[in-house]
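What follows is a set of notes on a single structure, which appears directly below.
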Amino acid sequence: QVQLRESGGGLVQAGGSLRLSCAASGRTFSTLSMGWFRQAPGKEREFVASINWSSGNTYYASSVRGRFTISRDNAKNSVSLQMNNLNPDDTAVYYCAAQALGVKAFPNAAPTAPNEYDYWGQGTQVTVSS
């Protein structure tokens, strides 16, 4: 069984920064991409950022581009999300997700939809006060 565990969430004032981390454990798998999503109360889960494991190419939602940075540690099979200049609209539960080799027949190299990911963490709360 694959487990993804997020850490680093919390309460921060507008303009502040947080760094989220996500580590994979349990059954080993070959990672194609890892990404971050978020879900605010009453809203659908939305894409935040992803990174392709082999190329290192990164992709961002327009709402976070220039403020958030996703990075990976291949050796530790972990991914981080540095979030700067946070604002109250960033308040949400943030989820880590992994796209694995061999699960889907034709995986997207730049997955941005939740159903393109195979494994999910439990989420970590990020609250930004004004």
When the aromatic ring centroids of Trp120 and Phe37 are compared, is their separation below 6.0 Å?
-> yes
Can Leu81 be reached from Val79 by stepping across I, L, V, M, F, W or Y side chains whose heavy atoms are under 4.5 Å apart?
-> yes
Pairing residues for Ser71 by the side-chain contact (heavy atoms from CB on, under 4.5 Å) criterion, not counting sequence neighbours | Arg19, Ser80
Just by distance, with hydrogens left out, do Ser63 and Asp89 show a side-chain donor and acceptor under 3.5 Å apart?
-> no
Single-linkage hydrophobic cluster, 4.5 Å side-chain cutoff, Val126 and Tyr95 together = no
Exercise: identify the closest heavy-atom pair between Ala109 and Tyr59 = O-CE1, 4.3 Å
Heavy-atom closest contact (Ala40 atom, Ala92 atom, distance) | N-CB, 3.8 Å
Should Met83 and Tyr94 be marked as a side chain to side chain contact (heavy atoms under 4.5 Å, CB included) after you check the CA-CA gap, both sets of side-chain angles, and the distance that decides it?
-> CA-CA 12 Å; Met83 305 185 295; Tyr94 282 70; 3.8 Å; yes
Audit row: Glu6, Leu20, side chain to side chain contact (heavy atoms under 4.5 Å, CB included) steps and yes/no = CA-CA 7 Å; Glu6 303 98 337; Leu20 305 183; over 6 Å; no
Pair Glu116-Asn108, side-chain donor/acceptor within less than 3.5 Å | yes
Under 6.0 Å between ring centres, would you say that holds for Tyr60 and Phe47?
-> no
Is the backbone N or O of Val128 less than 3.5 Å from a side-chain atom of Thr91, with the two atoms forming a donor-acceptor pair by type?
-> yes
Please name the pair of heavy atoms, one in Leu18 and one in Leu86, separated by the smallest distance, quoted to 0.1 Å.
-> N-CD1, 3.8 Å
Spacing of CZ belonging to Phe68 relative to OG belonging to Ser17, to within rounding of 0.5 Å = 9.5 Å
Indicate, with yes or no, if Tyr117 and Val93 share a hydrophobic cluster defined by side-chain heavy-atom contacts under 4.5 Å among Ile, Leu, Val, Met, Phe, Trp and Tyr.
-> yes
Between Ser78 and Asp73, is any side-chain donor less than 3.5 angstrom from a side-chain acceptor?
-> no
Output for pair (Leu32 CG, Ser55 OG), nearest 0.5 Å, gives 10.5 Å
Which distance, rounded to the nearest 0.5 Å, do you find between the OG1 of Thr31 and the CG of Asn77?
-> 3.5 Å
About how many Å separate OG1 of Thr124 and CH2 of Trp36, when rounded to the nearest 0.5 Å?
-> 7.5 Å
Residues in salt bridge (charged side-chain N to carboxylate O under 4.0 Å, His left out) with Arg67, at least two apart?
-> Asp90
Hey, could you give me each pair passing salt bridge (Lys or Arg N to Asp or Glu O under 4.0 Å) that has a residue in residues 44-66? Not counting sequence neighbours.
-> Arg38-Glu46
Taken to the nearest 0.5 Å, the spacing of Ser33 OG from Leu101 CG works out to 11.0 Å
Nearest atoms (heavy-atom pairs only) where Asp118 meets Ala100 | OD2-N, 2.8 Å
Assess whether side chain to side chain contact (heavy atoms under 4.5 Å, CB included) is satisfied between Met34 and Ser50, documenting all intermediate values.
-> CA-CA 6 Å; Met34 292 190 77; Ser50 69; over 6 Å; no
Rounded to the nearest 0.5 Å, the CZ atom of Arg72 sits from the CH2 atom of Trp53 at a distance of 6.5 Å
